[in-house]
Amino acid sequence: GEDVEQSLFLSVREGDSSVINCTYTDSSSTYLYWYKQEPGAGLQLLTYIFSNMDMKQDQRLTVLLNKKDKHLSLRIADTQTGDSAIYFCADPSEGNTPLVFGKGTRLSVIA
Amino acid sequence: DTAVSQTPKYLVTQMGNDKSIKCEQNLGHDTMYWYKQDSKKFLKIMFSYNNKELIINETVPNRFSPKSPDKAHLNLHINSLELGDSAVYFCASSSYPRQGYAEAFFGQGTRLTVV
C-alpha cells in the first residue's frame with residue numbers, strides 16, 4: 001500500500017523560513033496535498049500541487065515536487081508564531097481517495 | 001454553517017461499553033471517511049463510504065461498525081471498548097475526484113477516552 005514519510009519535528013525562529021519534507025511511494029496520484037492541524041482542531045487543506053508541476057507558490061507558501069525522487073516539500077517564508085501546528089503531507093491511495101497521510105511534522109516557532 | 005460536524009466532541013467511557021459517534025456533512029459530498037489519530041498524532045484511514053456503500057475497510061477490529069443511513073451521514077459504532085481504542089476519531093468527506101482532485105474536509109474530531 002501507499003506509504004508517506006515525514007520527519008516528525010521542526011523548530012524555527014520567527015521570521016526564518018521553514019521547510020517540511022515528505023516522501024511518498026505511489027506515483028500515480030494526480031494531486032498531492034499539504035494539510036495543517038492546529039491544536040484541538042481537525043485538519044484543513046493548506047495547499048496542493050498538480051503532479052505535472054514541479055513548483056507552486058501561494059503567498060508565503062512554496063510547494064516543490066520532485067516526481068523522480070517522489071519527494072514533496074513545503075516551504076513557509078517568514079514563519080510566524082501562528083504557523084505553529086502539525087503539517088501533514090497527503091497522497092491519495094492508488095491515485096484516488098482516500099488520502100493517505102504522513103505521520104505529520106510538528107512545527108514549533110520560537111519568538 | 002459547519003461543513004462536517006461530529007458529535008460528541010469528547011467521550012469518556014469505561015472498558016467494555018458500547019458507544020457511537022455521529023457525523024454529518026452538509027457539503028453535498030458523496031464520499032465520507034473515518035480516520036483514527038493516535039496519541040502520537042499519526043492519522044490512519046479506517047473506513048471509506050461512497051454513496052452509502054462501504055468502499056474501504058482497513059484492518060480495523062470488527063468491534064468497529066460504520067453505518068451510513070444516507071449520503072450526508074456516517075456514524076461509527078464501537079462495541080466492547082478497549083483501552084487501546086482511546087484516540088481522536090475524525091470524520092471527513094469529499095466529492096468524487098474530478099480529474100484527480102478531491103479535497104477532504106474534516107470534522108473537529110471526537111476525543112475518545114476509555115478508562
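Numbered from 1 within each chain, the chains take letters A, B, ... in sequence-line order. Below, each value reflects all heavy atoms present in this structure, side chains not excepted, and no hydrogens, waters or symmetry copies.
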Establish whether [X] and [Y] are linked, either directly or via other cluster members, by ILVMFWY side-chain heavy-atom contacts under 4.5 Å.
X: B:V4; Y: B:V88; result: no
X: B:Y10; Y: B:F106; result: no
X: B:I45; Y: B:Y49; result: no
X: A:V19; Y: A:V63; result: no
X: A:I76; Y: A:L64; result: no

Distance in Å, B:E103 CD paired with A:Y33 OH, rounded so as to fall on 0.5 Å steps:
8.0 Å

Taking atom NZ of B:K41 and atom CD of A:Q37, what is their separation to the nearest 0.5 Å?
5.5 Å

Is it true that atom NZ of A:K36 has more than 12 heavy atoms of other residues, nucleotides or ligands lying nearer than 6.0 Å?
yes

What residue in B:K40, B:Q37, B:R111, B:K44 has the most heavy-atom pairs under 4.5 Å with chain A?
B:Q37

Please state whether the side chain, the backbone, both or neither of A:Q44 comes within less than 4.5 Å of a heavy atom of chain B.
neither

Smallest heavy-atom separation, B:L43 atom then A:F88 atom, equals CB-CE2, 4.4 Å

Residue B:Q6 versus chain A: region with a heavy atom under 4.5 Å
neither

Side-chain heavy atoms of B:Y33 within contact of A:L99, under 4.5 Å
no

Could you check which of A:I86, A:L45, A:L8 has the highest count of heavy-atom pairs closer than 4.5 Å to chain B?
A:L45

Indicate, with yes or no, if the rings of A:F101 and B:F42 have centres closer together than 6.0 Å.
no

